[in-house]
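Structure record follows, encoded as structure tokens.
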Amino acid sequence: MRASYLVSYDIADEKRLRLVFKTMRGYGDHLQFSVFECQLTAADLARLKGELSDIIHHNRGPGAVRLPRPRRRPRRPRHHRLGKPYTSVDAPCIVV
């Protein structure tokens, strides 16, 4: 069973930031600069946490990834989506 996760991150080091971005592209839809929406199974979530943990290096400076737990009982959404969806074509270019 898949659950919806809204994953956000804040990483100061540009190299680690790029690695997290590339990793997240394989798991979900890029919504904003550091925000992804992912539909994950329990196995996907465990694999994603492992990959991100390897990149973050908790003892190497500031950096955080937030994966809030989804609600168990779905409820009616309180928001509406307006405008056209954000696509990877609209994503900013990262020049190295």
Side-chain angles (χ1 to χ4, degrees):
M1 181 173 188
R2 293 187 179 273
S4 182
Y5 290 86
L6 191 63
V7 181
S8 62
Y9 52 92
D10 183 19
I11 300 168
D13 181 49
E14 289 186 31
K15 182 179 177 183
R16 289 188 296 154
L17 178 68
R18 282 192 304 273
L19 287 172
V20 169
F21 177 80
K22 288 178 182 180
T23 300
M24 290 305 305
R25 279 194 334 203
Y27 285 93
D29 297 325
H30 184 220
L31 300 180
Q32 227 174 348
F33 289 114
S34 297
V35 180
F36 281 80
E37 182 178 23
C38 306
Q39 301 293 321
L40 304 172
T41 63
D44 293 336
L45 180 61
R47 190 170 40 252
L48 175 61
K49 284 182 177 181
E51 288 181 32
L52 292 176
S53 183
D54 291 342
I55 296 168
I56 294 297
H57 301 294
H58 300 287
N59 56 353
R60 286 193 180 178
V65 176
R66 286 169 287 292
L67 287 143
R69 293 181 186 168
R71 292 185 170 273
R72 290 188 184 231
R73 280 190 251 149
R75 65 179 191 192
R76 230 171 80 205
R78 294 184 180 184
H79 62 277
H80 299 280
R81 293 183 184 193
L82 301 173
K84 64 181 185 177
Y86 185 82
T87 64
S88 60
V89 175
D90 301 327
C93 252
I94 299 175
V95 179
V96 180

- Could you go through the side-chain contact (heavy atoms from CB on, under 4.5 Å) check for Val65 and Ile55 one step at a time? CA-CA 11 Å; Val65 176; Ile55 296 168; over 6 Å; no
- Test side-chain contact (heavy atoms from CB on, under 4.5 Å) on Asp44 and Arg2 and set out the steps. CA-CA 9 Å; Asp44 293 336; Arg2 293 187 179 273; 3.1 Å; yes
- Rounding to 0.5 Å, atoms OG1 (Thr23) and CZ (Arg47) come to a distance of 12.5 Å
- Query: Which of these, Met24, Gln32, Arg66, sits in a side chain to side chain contact (heavy atoms under 4.5 Å, CB included) with Ser8?
  - Reply: Arg66
- Message: If you take the centroid of each ring, where Trp contributes its six-membered ring, are Phe21 and Phe36 closer together than 6.0 Å?
- Response: yes
- Query: How far does CG of Asp54 sit from NZ of Lys49, to the nearest 0.5 angstrom?
  - Reply: 14.0 Å
- Message: Measuring from atom CG of Asp10 to atom CG of Leu17, what distance do you get when rounded to the nearest 0.5 angstrom?
- Response: 9.0 Å
- Exercise: identify the closest heavy-atom pair between His30 and Val35: CD2-O, 3.7 Å
- Item | Between CG on residue Leu19 and NZ on residue Lys22, distance to nearest 0.5 Å | 6.5 Å
- Message: With side chain to side chain donor-acceptor pair (under 3.5 Å) as the criterion, how do Glu51 and Tyr27 come out once you've worked through the C-alpha distance, each side chain's angles and the decisive distance to 0.1 Å?
- Response: CA-CA 11 Å; Glu51 288 181 32; Tyr27 285 93; 2.8 Å; yes
- What are the two closest heavy atoms between Gly28 and Cys38, and how far apart are they? CA-SG, 3.8 Å
- Rounded to the nearest 0.5 Å, the CD1 atom of Ile56 sits from the CZ atom of Arg16 at a distance of 6.0 Å
